[in-house]
Chemist: 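Here it is, the structure, as structure tokens.
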Amino acid sequence: MSEEKSLNFLEEIIETDLADGKYTSIVTRFPPEPNGYLHMGHATSICLNFGLTNKYPGYTNLRFDDTNPVAEDTEFVESIKEDIKWLGFEWKHELYASDYFDTMYEYAVTLINKGLAYVEDATAEEIAKLKGTPTEPGKDSAARSRSVAENLDLFTRMKNGEFADGTKTLRAKIDMAHTNMLMRDPLIYRIKHAHHHRTGDKWCIYPMYDFAHGQSDSIENITHSICTLEFIPHRELYDWFIEKLEIYPSHQYEFARRNLSYTVMSKRKLKQLVEEKHVAGWDDPRMPTISGMRRRGFTPQSIRTFCDKVGIAKRENIIDFSLLEFCLREDLNNTALRTMAVLDPLKLIITNYEDGKTEELQSENGPDEAYGTRTVPFSKELWIEREDFMEVPAKKWFRFAPGASVRLKSAYILRCDTFDKDESGKVTAIHCTYFPESKSGSDTSGIAVKGTIHWVSATHAAMAQVNMYDRLFKVENPGSEEGDFKDYINPDSLHIVQAFIEPSLLKATLSDHFQFLRKGYFCLDKESTAEKIIFNRTVTLKDAWVKEVKKG
RNA sequence: UGGGUUAUGGUGUAACGGUAGCACAACAGAUUUUGAUUCUGUUUGUCUAGGUUCGAACCCUGGUAACCCAACCA
């Protein structure tokens with residue numbers, strides 16, 4: 001435990017700031033726009049911002065960046081808060097950019113008074129035309145030379161609702177020939193006669209991102225405002241406003257967003273998947289949304305561990321989905337309750353077992369003794385997994401085959417004697433002999449077997465629907481492939497089966513995580529009812545036999 | 001053809017002028033009443049060409065590649 005984990009570049013900056021006495025504590029913020037559901041990308045940002053203030057003195061605010069009323073809604077505010085709490089983080093203050101609309105308006109007036117902002121009456125197209133291109137400088141607009149008094153009057157009238165949407169804007173007066181396109185007199189206020197989910201109809205002008213985000217940071221005394229790489233060009237503007245307004249100097253730092261293989265992470269693409277019904281909704285268990293992953297059975301701990309292992313840096317990346325799965329299995333292996341369920345049933349009949357007899361066997365609930373045991377009923381007719389029998393055994397096969405002996409987990413060793421087939425050649429049942437003295441826990445039979453398989457008693461089993469989920473896309477990076485990313489959707493991402501489950505699973509609750517022995521980790525779906533039980537497969541177990549088969 | 005950012009095994013991330021390390025993945029073996037877990041071992045890397053230096057992934061110069069920037073979105 002003595003080894004020290006090296007710091008990421010943000011931790012280094014913070015440690016330097018703290019050591020230099022620039023700050024005695026830090027303040028970060030997680031600033032979602034309430035216009036959609038949170039996904040794995042947000043989880044990275046959440047773990048980063050909250051993680052930093054868990055590690056160093058200070059706190060993190062939750063701030064909703066609600067400056068565009070037409071996209072935003074209270075529904076999203078609630079789901080975002082739920083997701084953050086589920087991940088296990090606590091914010092210091094719940095804040096909204098819209099709380100600062102009055103202050104931002106005053107800031108705008110200040111800029112006008114300093115001759116650093118003007119009211120524009122050109123249309124969006126005209127503004128774009130004068131803006132130039134990355135290789136050609138822009139040109140000054142006629143409105144640029146308006147007097148302070150005229151700007152003040154027009155801006156007041158904008159606020160008072162005298163103008164229609166799109167007819168006037170407020171722009172910062174910087175430099176139309178600047179190499180940074182964002183510095184070419186950026187728009188800072190626009191007219192939108194729209195209802196805001198918090199301020200209602202009080203305002204008909206709303207600040208743009210660049211005139212809201214940094215200002216909010218400053219008002220909250222955010223010391224380290226962390227965002228993704230695409231905001232690098234905004235930093236110059238961010239600093240310019242703070243300098244001209246002479247307000248608290250928050251600083252912006254950027255890191256590379258985390259991309260996961262075999263999925264998409266942009267809100268736009270996720271929205272398409274939902275709206276075009278490629279998935280059942282935002283919380284479909286195949287979605288990389290926090291709500292989808294929660295429904296799938298991911299644990300908060302597995303996501304936090306993953307974010308921690310991946311680290312933080314400034315270069316483009318696509319992280320192997322298998323790392324996330326590793327973190328998931330690692331957590332679930334330590335916590336999931338062991339149970340048995342047969343997903344693709346084949347009847348097994350014990351020839352020498354008494355008709356109508358039931359034995360109550362004990363089986364371990366968890367990875368160690370602390371979890372205790374539970375009772376599992378055993379009888380003459382059982383269900384086993386169809387794939388655990390081979391008519392003609394393969395090399396290195398150690399499950400059932402004619403003449404082969406196998407242990408049934410927590411029960412007896414059985415020898416397969418014969419099997420039945422229907423006209424189509426499908427095996428319909430296997431007949432076995434059991435060895436009474438091989439009973440689990442008191443085995444005196446002296447028989448050694450290589451294989452142990454799971455099973456459920458046919459007379460005691462319950463039925464359940466099991467949703468077997470697989471990756472949503474067939475390729476590592478659907479976003480960068482030729483053509484539409486939706487062309488690469490995995491057609492087999494959901495496979496629904498009717499399974500036989502052991503009786504104890506009838507008591508499952510939404511917060512439980514189970515390992516179905518040898519089959520994977522599963523959890524109850526939120527739509528499960530007593531009449532119709534539904535489980536979701538969270539992730540499979542690693543399977544060395546599959547590799548063996550692939551080798552031929 | 002402007003400006004900005006980034007280049008370390010298959011993937012992600014360390015090494016702060018001094019032994020290229022860690023994790024995932026892959027491969028091989030041991031243990032196993034889950035072909036799981038656990039344990040052991042193996043393979044694979046500094047974008048490129050020069051330069052400075054006793055010594056360069058790191059500093060300098062020139063290339064190359066990828067990503068971002070011309071929304072009244074954030």
Side-chain angles (χ1 to χ4, degrees), chain A residues 3 5-8 12 31-33 35 65-68 70-72 97 120 123-124 127-129 131-138 165-171 178-184 187-192 205-206 208-210 212-213 227-236 254 256 258 261 267 306 309-327 329-330 333-334 338 340 363-364 367 396-399 406-411 413 438 440-441 443 449-454 476 515-520 540-548:
Chain A
E3 71 189 76
K5 196 168 180 295
S6 52
L7 304 177
N8 64 47
E12 283 185 359
E33 182 185 14
N35 69 343
D65 228 339
D66 55 349
T67 58
N68 183 10
V70 298
E72 297 148 8
E120 174 67 82
T123 64
I127 290 172
K129 195 176 287 178
K131 200 156 200 173
T133 68
T135 52
E136 302 161 67
D165 289 9
T167 57
K168 296 250 183 307
T169 54
L170 184 70
R171 302 178 74 176
H178 206 287
T179 53
N180 181 349
M181 296 293 287
L182 277 157
M183 299 295 277
R184 320 244 261 229
L187 269 52
I188 58 179
Y189 260 97
R190 79 289 216 189
I191 301 171
K192 272 184 199 280
I205 57 171
Y206 293 92
M208 298 286 289
Y209 166 85
D210 287 302
H213 201 102
C227 58
T228 46
L229 251 30
E230 66 267 30
F231 288 94
I232 288 177
H234 294 253
R235 189 174 62 227
E236 197 170 11
E254 312 86 9
R258 268 57 261 283
S261 60
K267 210 176 266 183
F306 171 76
K309 278 188 194 290
V310 162
I312 220 73
K314 298 185 80 154
R315 57 174 167 159
E316 278 250 320
N317 58 78
I318 299 183
I319 302 153
D320 268 356
F321 199 82
S322 57
L323 179 60
L324 217 205
E325 291 185 328
F326 169 82
C327 297
R329 291 189 182 112
E330 184 182 46
N333 179 49
N334 288 326
R338 311 290 129 123
M340 294 195 282
S363 192
E364 316 88 64
K396 294 192 195 173
W397 176 257
F398 37 90
R399 307 178 196 168
V406 171
R407 173 173 291 281
L408 297 193
K409 174 69 182 173
S410 300
I413 291 174
S438 68
S440 185
D443 185 354
V449 292
K450 277 189 182 158
T452 300
I453 66 169
H454 63 280
E476 271 201 8
Q515 184 190 107
F516 289 178
L517 244 50
R518 305 205 303 134
K519 297 313 294 180
T540 61
L541 254 30
K542 278 213 225 168
D543 190 345
W545 174 249
V546 169
K547 283 182 192 168
E548 198 63 42

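Residue numbers start from 1 in every chain, and the chains themselves are labelled A, B, ... in the order their sequence lines are given, proteins ahead of strands. If you're wondering where the values come from, they're calculated on a predicted model, not measured in any experiment.
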Chemist: Could you give the distance separating B:rU19 and B:rU52 at their C1' atoms, to the nearest angstrom?
Modeler: 23 Å

Chemist: Could you measure between the two P atoms, the one in B:rA56 and the one in B:rC47, and give it in whole Å?
Modeler: 15 Å

Chemist: Do A:Lys409 and A:Glu364 meet the salt-bridge criterion of a basic N to acidic O distance under 4.0 Å?
Modeler: yes

Chemist: Please map the stems of RNA chain B, keeping only stretches of three or more Watson-Crick or G-U wobble pairs with both distances under 3.5 angstrom.
Modeler: B:2-7 with B:64-69, B:10-13 with B:21-24, B:26-30 with B:38-42, B:47-51 with B:59-63

Chemist: Using a 4.5 Å cut-off on heavy atoms from C-beta on, say whether the side chain of A:Ser440 contacts that of A:Arg407.
Modeler: yes

Chemist: Taking atom CD1 of A:Ile413 and atom OG1 of A:Thr452, what is their separation to the nearest 0.5 Å?
Modeler: 8.0 Å

Chemist: Search all heavy atoms of A:Leu541 against all heavy atoms of A:Lys519 and return the closest pair with its distance.
Modeler: CD2-N, 4.0 Å

Chemist: Mind checking the P distance from B:rA25 to B:rA7? Whole angstroms is fine.
Modeler: 26 Å

Chemist: I'd like the C1' distance from B:rA14 over to B:rA70, given in whole Å.
Modeler: 39 Å

Chemist: Hey, is the main chain of A:Lys131 close enough, under 3.5 Å, to the side chain of A:Arg184 for a donor-acceptor pair?
Modeler: yes

Chemist: What do the steps show when you test A:Asn68 against A:Asn35 for side-chain contact (heavy atoms from CB on, under 4.5 Å), and what is the final call?
Modeler: CA-CA 9 Å; A:Asn68 183 10; A:Asn35 69 343; over 6 Å; no

Chemist: Taking the inter-plane angle between the rings of A:Trp397 and A:Trp545 on a 0 to 90° scale, is it parallel (under 30°), tilted (30 to 60°) or perpendicular (over 60°)?
Modeler: perpendicular

Chemist: Mind checking the P distance from B:rG17 to B:rA23? Whole angstroms is fine.
Modeler: 25 Å

Chemist: Should A:Phe306 and A:Leu323 be marked as a side-chain contact (heavy atoms from CB on, under 4.5 Å) after you check the CA-CA gap, both sets of side-chain angles, and the distance that decides it?
Modeler: CA-CA 7 Å; A:Phe306 171 76; A:Leu323 179 60; 4.0 Å; yes

Chemist: When all nucleic acid strands are considered with a 4.0 Å heavy-atom cut-off, which category describes A:Lys547: base, sugar-phosphate, or nothing?
Modeler: sugar-phosphate

Chemist: Quantified in whole Å, what is the C1' atom distance between nucleotide B:rC27 and nucleotide B:rA66?
Modeler: 31 Å

Chemist: I need a per-nucleotide contact map over nucleotides 29-40 of chain B, read 5' to 3'. Cutoff is protein heavy atoms under 4.0 Å; write B for the base, S for backbone only, - otherwise.
Modeler: ----BBBSS---

Chemist: Could you run down nucleotides 69-74 of chain B 5' to 3' and tag each one B, S or - for protein heavy-atom contact under 4.0 Å?
Modeler: SB-BSB

Chemist: Using the rule given for side-chain contact (heavy atoms from CB on, under 4.5 Å), can you reason through A:His213 versus A:Asp65, listing the C-alpha separation, both sets of side-chain angles and the distance that settles it, and then say yes or no?
Modeler: CA-CA 7 Å; A:His213 201 102; A:Asp65 228 339; 2.6 Å; yes

Chemist: Provide the distance between the two C1' atoms, one in B:rA65 and one in B:rU40, to the nearest whole Å.
Modeler: 40 Å

Chemist: Could you work out the separation of B:rG18 and B:rU38 based on their C1' atoms and round it to a whole Å?
Modeler: 38 Å

Chemist: Whole angstrom is fine here: how far is it from NZ in A:Lys314 over to P in B:rA14?
Modeler: 12 Å

Chemist: Test side-chain contact (heavy atoms from CB on, under 4.5 Å) on A:Met340 and A:Ile453; report intermediate values, then the result.
Modeler: CA-CA 10 Å; A:Met340 294 195 282; A:Ile453 66 169; over 6 Å; no

